[in-house]
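To keep things clear, I will list the structure first and then write my remarks on it.
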Amino acid sequence: MNRKNVRVKIDELKTDVGLFKNLELSIGKVTEEKWAEPMGPTPFPSVTALRNWDMKLLQRYKPFYMPFCDLCCLCTYGKCDLTGNKRGACGIDMAGQQSRIVLLACCIGAATHIGHARHLVEYLIEKYGRNYPLDVGGLNIQVEAPVTRLVCGVKPETLGDLEEVLDYTETQVTHLLSATHTGQEGNNLDFESKAFHAGMVDQVGMEVADIAQIAAYNLPKADPEAPLVDLGCGTINVEKPVILCIGHNVVPSVGIIDYLKANGLDSEIEVCGLCCSAHDATRYYKRAKIVGPISWQLRFIRSGFPDVVVLDEQCIRIDTYDEAQKVKAPVIAASEKNCVGLPNRTNDPPDEIVKDLVSGKTPGVLILDPEKVGEVATKVAVQIAPLRKKFKTLPEIDEIIQKSKGCRQCDDCRRACPQDLHIPEAIKAASQGDLTKLADLYELCIGCGRCEEACPIDLMIHSFIVKAGEKQLKQETYKIRCGRGAIQDVEIRNVGSPIVFGEIPGVVAVVGCANYPKGGEEVAEICKEFANRRFIVVTSGCAAMSAAMTKDDEGKTPYELYTGEFTAGGIVNVGSCVSNAHIAGAAIKIANIFAKRNLRANYEEIADYIHTRVGAVGLAWGAYSQKAASIAAGFWRLGVPVIVGPHGSKYRRMLLGRADKEEDWYVLDARTGEKVYVGPAPEHLFYAAETKEEAMVMIAKLCMRPNDTTKGRAIKLTHYIDLHKRLFGTMPEDIHLFVRTVADIPVTMKDEIIKILEKKKWKETVIPDPTLLPRLVRKRKE
Amino acid sequence: MNRKNVRVKIDELKTDVGLFKNLELSIGKVTEEKWAEPMGPTPFPSVTALRNWDMKLLQRYKPFYMPFCDLCCLCTYGKCDLTGNKRGACGIDMAGQQSRIVLLACCIGAATHIGHARHLVEYLIEKYGRNYPLDVGGLNIQVEAPVTRLVCGVKPETLGDLEEVLDYTETQVTHLLSATHTGQEGNNLDFESKAFHAGMVDQVGMEVADIAQIAAYNLPKADPEAPLVDLGCGTINVEKPVILCIGHNVVPSVGIIDYLKANGLDSEIEVCGLCCSAHDATRYYKRAKIVGPISWQLRFIRSGFPDVVVLDEQCIRIDTYDEAQKVKAPVIAASEKNCVGLPNRTNDPPDEIVKDLVSGKTPGVLILDPEKVGEVATKVAVQIAPLRKKFKTLPEIDEIIQKSKGCRQCDDCRRACPQDLHIPEAIKAASQGDLTKLADLYELCIGCGRCEEACPIDLMIHSFIVKAGEKQLKQETYKIRCGRGAIQDVEIRNVGSPIVFGEIPGVVAVVGCANYPKGGEEVAEICKEFANRRFIVVTSGCAAMSAAMTKDDEGKTPYELYTGEFTAGGIVNVGSCVSNAHIAGAAIKIANIFAKRNLRANYEEIADYIHTRVGAVGLAWGAYSQKAASIAAGFWRLGVPVIVGPHGSKYRRMLLGRADKEEDWYVLDARTGEKVYVGPAPEHLFYAAETKEEAMVMIAKLCMRPNDTTKGRAIKLTHYIDLHKRLFGTMPEDIHLFVRTVADIPVTMKDEIIKILEKKKWKETVIPDPTLLPRLVRKRKE
Amino acid sequence: MATAEPWQTAEVPGPKKAFVIAKADVAAKMINKAKRPVLIVGSKAVEIDFGDKKLIDYIIELAKKGKIPVVATAHMVNEFLKRDYKPKGWMPAVDISNRLTDPEWKGLDGKGQYDLALFVGLPYYMEWTILSGLKHFAPNLKTITLDNTYQPHASWSFPNTKVKDWAENLKVIIDNLGGE
Amino acid sequence: MATAEPWQTAEVPGPKKAFVIAKADVAAKMINKAKRPVLIVGSKAVEIDFGDKKLIDYIIELAKKGKIPVVATAHMVNEFLKRDYKPKGWMPAVDISNRLTDPEWKGLDGKGQYDLALFVGLPYYMEWTILSGLKHFAPNLKTITLDNTYQPHASWSFPNTKVKDWAENLKVIIDNLGGE
Ligand code: SF4
Ligand code: SF4
Ligand code: SF4
Ligand code: SF4
Ligand code: SF4
Ligand code: SF4
Ligand code: SF4
Ligand code: SF4
């Protein structure tokens with residue numbers, strides 16, 4: 001039993017530190033030390049504890065800075081011009097500034113998950129008590145919190161045990177954020193190391209959040225057969241009152257669902273969601289529906305579907321309140337993080353609030369009590385649905401044609417569009433009665449609304465596009481396997497060996513947001529491609545939704561076609577963004593459960609293991625946010641490469657290897673201490689791909705690891721070469737860098753490859769027991 | 001006795017929660033509840049707990065946003081154009097964006113103090129134990145931690161008690177930072193309220209840091225007669241080895257000083273400092289010397305004076321390492337916050353490190369052990385001083401003249417200079433052999449170095465200026481009363497009544513950094529002016545240093561001329577930036593000790609008290625940093641107006657009252673519940689003054705409070721009118737807004753004023769028992 | 001020196017930038033066209049010396065000729081009074097600017113909000129931030145800076161101009177004021 | 001449309017901005033002058049259709065005429081090969097750009113770093129960030145964009161140009177290449 005903050009009254013207590021009389025003890029923690037594993041070197045690591053490891057990675061994967069602004073405006077000495085080698089008034093230079101912004105973004109991202117976790121844990125403790133056990137997978141999960149164990153060196157067993165973990169993460173975020181202050185850190189590599197640290201504590205925060213909610217709300221517990229649920233606007237019965245929840249914190253959604261159930265209204269009312277709250281709602285309640293990823297916010301509200309909009313936190317459009325007002329849907333803000341300027345009605349009687357919302361006396365309220373949110377949202381939905389009759393702000397076709405005639409062809413919309421979409425052409429066609437060009441934009445549009453902001457004649461361009469694509473919108477009916485949570489220990493045992501030896505060619509984590517360069521279909525395509533190739537595909541967040549949004553000829557969606565098991569050929573939705581921790585967790589568990597490396601506070605060794613042996617790659621094709629940055633940073637520190645889409649080039653820097661620099665690609669052979677050239681595997685740690693084709697070839701390539709057996713390497717090379725040939729039309733020119741012995745060569749291509757190797761003057765090398773850590777060398781060389 | 005994290009072993013413990021056997025208890029907190037005061041309404045307030053109070057202030061002092069950039073570049077949806085009423089891709093608008101940046105700055109600032117406090121408390125606990133008592137003023141201080149008591153509702157008695165306070169502040173910073181994430185908060189007033197919250201927890205963090213170090217290091221304990229210490233380059237005996245400490249964390253300086261003392265070297269070696277580490281070093285060690293404020297960093301190093309440079313954290317030029325290398329002075333980085341990319345030598349034997357530094361094998365090291373810093377810094381200083389012979393990079397006069405001839409008069413330097421100094425003219429004169437114009441710039445130059453970065457022919461302009469002003473530099477010999485820490489309870493008792501009734505015309509806190517528009521002399525002038533007028537002048541940080549840097553005809557500096565007592569006519573240096581908490585603390589103690597308002601977790605009432613009754617004004621004439629932003633925010637939430645210099649307009653927004661809007665200036669009379677017009681007192685909550693004259697008039701004006709007695713108001717009006725007449729050449733036109741009854745009118749100006757009042761159709765009003773909080777009305781009106 | 005770039009190199013604005021006043025008489029025309037102009041004069045008005053007179057002397061002439069009410073910021077009222085000119089009002093630069101964003105403000109004379117604000121003599125960076133505030137939050141106000149530095153956030157600004165040309169420009173404006 | 005403003009309105013850079021290529025033959029001259037130019041071709045090269053041919057077709061002509069080695073980014077190598085032209089190399093846009101910042105890099109042919117990088121066909125915003133990286137961290141490299149949009153971080157850029165004028169410009173460049 002681990003308990004935190006027990007209060008006990010004791011008349012007299014004699015201890016080795018003295019005699020206490022008439023004491024009321026508030027016991028911070030009662031620990032029964034059950035975890036036999038010895039403590040590793042870095043429990044609760046400080047900001048610099050893993051700096052050496054970071055520097056090893058950063059020496060190989062040097063930052064290439066791509067400043068997003070030439071200036072710094074962070075203090076009132078500024079603005080400062082940092083062009084070229086100029087320094088600002090505080091002495092910082094451009095590399096320092098860009099890496100500082102990276103750290104700042106990672107701090108914001110980490111704070112967001114950790115803050116979310118803190119609210120969640122506090123709330124759940126209040127509701128279920130400190131001793132509520134953290135069951136996240138029953139007997140199938142022995143290692144319930146691999147990230148926390150690895151980083152902190154503790155083994156949380158109850159909700160209460162999570163508090164000290166969160167204390168730690170908050171302390172770290174505070175230290176890290178403070179390093180961004182003018183006149184603190186200035187060295188770019190130290191900033192990068194600190195960003196890695198932020199990513200690491202972010203992973204802890206995400207894990208805490210997800211295991212807390214899985215345990216307390218009984219979400220699917222590492223279930224490969226988590227239920228298939230509905231996704232898409234078309235799956236929502238708009239005849240019913242519709243409650244829409246947006247954000248990342250499931251608590252208010254649970255409040256609503258519980259209220260519906262308690263009052264027998266579950267078949268009367270539709271509960272649907274956008275972003276991760278939707279994921280988590282479906283994990284809690286099979287009948288909840290997912291509208292779609294973040295870019296569906298405007299289109300869904302403007303279509304008039306929701307009768308009440310409940311906002312919790314994160315990834316919520318700031319103008320939701322205004323947009324909802326326009327369709328006459330009351331708004332309930334339910335988070336301290338996002339109060340929307342609304343009156344705080346938390347302490348008012350529900351029926352009064354309902355009355356004010358339904359009558360329109362107040363179009364929105366702040367309610368910081370999730371149960372009350374449940375009651376109010378439901379009652380408002382029921383009462384207002386017949387009044388507002390799905391009032392929408394989408395224009396009619398006629399109106400589009402008419403209004404388009406006013407278009408000045410000024411290009412302002414296109415120049416505001418992040419996707420550089422050919423809006424003026426489409427508007428011109430529309431003005432001539434042809435809406436197909438507008439409809440073509442539907443798939444590409446990320447629903448940001450910037451075109452409308454720019455248009456000098458105030459055309460509601462995004463609405464035009466949605467209306468033109470309305471048929472598509474209404475046909476969006478897909479199935480997604482709801483978030484399963486963690487990976488079972490037994491699954492790890494089954495795939496550990498084939499992954500580490502390379503026979504499963506890789507684990508591809510397709511995660512993150514929906515800032516796609518060319519629509520979400522590319523995500524679905526990539527997932528299917530790699531599942532077909534018997535990679536393990538793991539999804540989460542908006543990307544997990546996009547992966548669902550395609551059908552085969554028989555109308556089946558990927559989650560129906562592929563297994564949800566963590567195995568070759570699976571497409572495995574772990575859940576919401578905080579479920580990303582399970583992906584890291586799976587990699588960690590491979591090192592721990594399969595390879596039996598000590599886990600406890602043993603970060604460096606485990607990261608070294610993962611980096612040199614576990615062929616995992618992250619793909620955040622639509623990454624846009626600070627959270628995405630910190631999630632990526634968490635993977636970097638574990639040595640897992642991350643690919644982002646072209647917009648990701650705005651993250652200020654890449655971490656790029658240099659395949660042409662032989663000296664960068666030596667590892668130690670743990671058996672001999674020898675330095676061995678292993679080729680650029682993996683070649684990059686962070687990079688923005690320009691097109692999905694490039695990303696696909698790179699995914700295959702980045703899955704190679706020094707530890708691959710010849711069989712494994714041959715398989716990986718086959719996929720790399722095959723994709724390269726198909727998508728690039730030719731053999732890769734760098735095969736010689738990845739062939740270590742002749743046995744690495746895929747048999748079917750032997751002759752062709754041998755020829756290349758000869759041309760490149762290839763020489764055979766050995767396959768080491770690879771490590772970057774001298775201390776792991778078992779036998780030191782003289 | 002309050003203790004945190006006690007470990008006790010107990011064989012068997014029977015309690016009301018169950019029977020524990022063979023337990024090892026790690027006791028989070030042993031509390032003996034000694035504080036009789038009942039718990040107030042808002043212990044450890046959450047992010048929204050004081051939102052209503054904030055909104056009251058923000059309704060009166062509405063933000064005027066002055067965007068520092070038209071764009072937002074915080075996520076990869078961007079950049080977004082937020083010009084006018086345009087919204088970004090996430091839906092945010094310009095008011096939201098600017099207030100978000102304000103919150104972000106306040107979070108960074110708060111994190112910086114809190115992170116500093118955390119390191120300090122952790123370190124001191126390790127060294128002195130959790131039970132080390134928090135004595136900050138002996139019998140003179142009963143209320144040892146007014147801010148913490150007020151905010152958190154706890155009464156810390158030992159170092160260990162500070163931990164839960166820091167836990168709280170870190171949780172809040174994390175939540176607040178998370179609100180800046182894309183798609184979280186969007187309402188500008190909610191951002192502002194959150195910025196206030198950041199300011200409040202920042203004050204807690206500062207208080208924790210300062211009381212911890214006062215107690216543990218036995219710094220002056222609320223001592224009005226804290227010793228006078230040396231300030232200025234001229235006070236440093238450069239014949240000796242010189243150790244220079246820069247930053248805000250005194251721990252490494254203490255390491256050095258202790259080592260010097262232990263080895264009898266204290267008269268052999270000069271220890272001096274820049275920024276707040278210097279303040280705190282002098283509080284610890286009378287022989288330590290203060291070089292000057294932040295803007296002296298480049299000039300002091302380039303002059304070649306320091307033999308070793310020790311960097312801790314905050315306010316350190318990023319290029320210090322490079323600059324120090326140029327003068328051949330080794331650098332020791334001593335903080336996790338600022339690792340400078342240097343090799344971590346913490347675990348190496350001191351003599352090895354010394355050897356490497358002296359030999360130049362490595363020009364800098366990171367040492368995260370303050371005792372080791374002490375030993376290494378001292379040994380290096382001793383060994384290297386004879387070698388480097390104060391090697392400097394300041395040019396000789398000839399060189400200046402020669403090089404200036406190359407000047408293209410391109411204006412690039414001036415256009416880069418934050419002060420728009422007429423550099424090209426001065427360079428032209430220099431090229432003709434006349435260095436006086438360069439010397440004239442010495443006082444105005446904030447030492448940022450941007451001119452040099454901009455110059456196409458790489459003239460070392462700042463060095464030219466320093467060389468031209470070298471005589472001044474060397475004549476800088478001043479005395480400063482070292483930071484006294486808190487204000488005694490008895491001092492509060494003595495001045496409480498005259499302050500609250502207005503007979504002491506105001507408390508002016510002159511604080512913050514050195515980004516002055518026209519040199520530091522203005523600060524000294526303002527301090528003296530108000531001390532002469534029998535205001536209480538409180539100083540801290542760089543401003544406290546600038547206040548010292550002037551002499552009267554007899555060569556006396558202000559701290560020699562004015563008392564250090566917290567009383568009318570005093571100039572009271574509380575200490576470093578974290579000592580700012582004592583200024584807030586003094587205001588809080590007036591409400592508590594003098595007015596007997598409950599303190600414990602009673603924030604709103606105390607803030608209301610301070611806002612309506614305590615005529616305090618903050619002046620941060622050279623504020624530049626994020627810390628300055630959060631410090632200001634802490635004062636705003638207490639209702640204390642803050643004035644910044646013109647560069648402060650870059651803080652993105654002002655909080656301005658509208659004297660012309662009568663409806664804004666009503667308060668409740670707590671006796672009757674009546675709404676009473678009280679005039680715009682204080683008129684603004686945050687504003688950037690353009691010139692010192694404007695600031696001085698405004699200080700006098702902003703000291704007025706609704707609660708002033710007629711006598712008090714007459715005194716305050718006298719100062720306001722007098723300054724207005726002297727500096728603005730005329731009577732103020734808004735006197736009628738501040739005269740409530742005829743008795744308010746200063747007798748000496750009666751006729752003149754009566755005439756004005758008649759012209760303005762003035763009507764007498766009552767003087768209420770003012771409050772903004774309906775719940776404080778004792779008798780409600782029907 | 002790039003003439004229509006921000007005078008302080010780094011004070012780069014966004015997409016919307018001040019139109020450049022190529023010829024001084026254009027500024028005069030715009031002032032003449034304004035229904036309710038106001039002239040805000042900052043502390044540098046006494047620091048800038050054209051030799052014959054100071055900036056403030058030109059400004060007084062300009063205000064008189066154009067019958068434009070003056071708001072003196074900082075301690076400038078004194079300088080005006082010394083020159084026997086009483087500004088219509090004096091208040092901090094940020095205070096007057098804040099009022100200019102309020103459509104309900106009645107102006108110094110109680111007759112209503114202004115439609116054109118002329119700025120001169122504020123520290124460059126402070127005028128920059130203030131004009132930014134007005135650009136974004138006073139959509140119905142036009143702003144012109146009479147300084148010799150390009151102020152990107154004004155509606156109209158002179159390019160960066162040598163001091164002697166500046167004096168010429170002011171003379172031209174004064175000559176062309178009034179007399180519709 | 002403001003022609004020498006960033007094509008994506010908000011992608012405002014800082015004080016240092018690309019010189020505008022007013023006439024296409026100037027670009028040709030600069031290319032001719034370069035000792036070691038390299039041409040980086042992105043994915044939009046096949047998307048942009050001038051009617052008669054695609055952008056990539058012009059680029060191939062240009063590369064041949066100027067004897068400029070081509071780096072195909074993304075999956076463009078395929079498109080070149082389809083057109084019987086073998087690029088000198090292919091790699092991600094950020095990879096080639098990163099190499100361009102390394103003074104030690106030996107180039108695709110092992111003969112040393114390039115002195116001029118021509119960019120064409122990357123997504124606007126990605127080319128923007130990449131050119132920013134080069135502007136700040138490859139001080140000895142000149143960059144020219146052959147796109148029809150103003151790229152402020154290049155050393156030289158065309159202004160925002162209509163598609164048909166773009167084709168014209170490319171033709172002019174091709175015509176003027178080589179033959180010193
Ligand atoms: S943080 Fe440094 S570079 Fe940024 S504005 Fe301040 S002084 Fe300039
Ligand atoms: S809403 Fe769609 S079309 Fe409009 S700017 Fe955004 S992505 Fe482009
Ligand atoms: S911004 Fe508006 S007017 Fe201009 S091209 Fe686009 S739709 Fe037409
Ligand atoms: S960093 Fe961003 S906000 Fe700051 S000046 Fe540049 S674009 Fe503007
Ligand atoms: S945070 Fe919002 S306004 Fe800023 S860049 Fe991202 S989408 Fe644009
Ligand atoms: S160092 Fe001095 S002169 Fe140079 S830019 Fe800074 S303030 Fe101006
Ligand atoms: S930047 Fe250099 S060359 Fe230009 S005016 Fe200033 S000192 Fe002279
Ligand atoms: S007063 Fe400001 S500049 Fe000076 S040390 Fe403190 S924070 Fe730094």
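Within every chain, numbering begins at 1; the chains are lettered A, B, ... in the order of the sequence lines, protein sequences first and strands thereafter.
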Chain B contact via [X] - side chain, backbone, both or neither, heavy atoms under 4.5 Å:
| X | value |
| --- | --- |
| A/Leu104 | side chain |
| A/Cys275 | neither |
| A/Leu189 | neither |
| A/Ser46 | both |
| A/His119 | both |
| A/Asn344 | both |
| A/Leu176 | neither |
| A/Ala110 | neither |
| A/Leu71 | neither |

[atom1]-[atom2] distance between [X] and [Y], expressed to the nearest 0.5 angstrom:
| X | Y | atom1 | atom2 | value |
| --- | --- | --- | --- | --- |
| B/Gln626 | A/Leu177 | CD | CG | 9.5 Å |
| A/His116 | B/Thr174 | NE2 | OG1 | 14.5 Å |
| A/Leu311 | B/Gln184 | CG | CD | 11.5 Å |
| A/Glu170 | B/Asp167 | CD | CG | 8.0 Å |
| A/Tyr77 | B/Asn515 | OH | CG | 5.5 Å |

When heavy-atom pairs shorter than 4.5 Å are enumerated against chain B, which of [options] gives the highest number?
| options | answer |
| --- | --- |
| A/Gly341, A/Gly115, A/Ala105 | A/Gly341 |
| A/Gln314, A/Glu313, A/His175 | A/His175 |
| A/Ser625, A/Ser335, A/Cys448, A/Ser193 | A/Cys448 |
| A/Cys107, A/Cys69, A/Gly78 | A/Gly78 |

Under a 4.5 Å cutoff for heavy-atom pairs, which residue among [options] has the most contacts with chain A?
| options | answer |
| --- | --- |
| B/Val173, B/Asp312, B/Thr171 | B/Thr171 |
| B/Asn188, B/Thr320, B/Ile92 | B/Ile92 |
| B/Gly247, B/Ala179, B/Cys315, B/Pro418 | B/Cys315 |
| B/Leu74, B/Ile114, B/Asp81 | B/Leu74 |
| B/Asn187, B/Val47, B/Asn338 | B/Asn338 |
| B/Cys339, B/Cys90, B/Gly186 | B/Cys339 |

Practice task
Can you tell which part of B/Leu366 gets under 4.5 Å to a heavy atom of chain A, answering side chain, backbone, both or neither?
Solution key: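 Interface part for B/Leu366: side chain.
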Handout entry: Which portion of B/Ala628 sits near chain A, non-hydrogen atoms under 4.5 angstrom
Key =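 B/Ala628 has no heavy atom closer than 4.5 Å to chain A.
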Practice task
Only pairs at least two apart or in different chains count here, so list each salt bridge (charged side-chain N to carboxylate O under 4.0 Å, His left out) that has a residue in residues 172-190 of chain A.
Solution key: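 Sorted result for residues 172-190 of chain A: A/Arg51-A/Asp190, A/Glu185-A/Lys194.
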Looking only at atom types and distance, does a side-chain atom of [X] sit under 3.5 Å from a main-chain N or O of [Y], one as donor and one as acceptor?
| X | Y | value |
| --- | --- | --- |
| B/Glu453 | A/Gly88 | no |
| A/Lys627 | B/His181 | no |
| A/Thr180 | B/Ile108 | no |

Please name the pair of heavy atoms, one in [X] and one in [Y], separated by the smallest distance, quoted to 0.1 Å.
| X | Y | value |
| --- | --- | --- |
| A/Cys80 | B/Arg450 | SG-NH1, 3.0 Å |
| A/Cys75 | B/Tyr624 | CB-O, 3.2 Å |
| A/Ala454 | B/Lys86 | CA-CE, 4.0 Å |
| B/Ser178 | A/Ala111 | CB-O, 3.4 Å |

Problem - Derivation of the side chain to side chain contact (heavy atoms under 4.5 Å, CB included) call for A/Thr76 and B/Val644 - result: CA-CA 11 Å; A/Thr76 80; B/Val644 286; over 6 Å; no
Practice task
Verify the distance criterion only: is there a donor paired with an acceptor across the side chains of A/Glu336 and B/Thr48 at less than 3.5 Å?
Solution key: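 Yes.
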Practice task
Start with the C-alpha gap between B/Arg100 and A/Ile318, add the side-chain angles, then the distance that decides, and say whether side chain to side chain contact (heavy atoms under 4.5 Å, CB included) holds.
Solution key: CA-CA 12 Å; B/Arg100 169 158 69 170; A/Ile318 305 302; over 6 Å; no
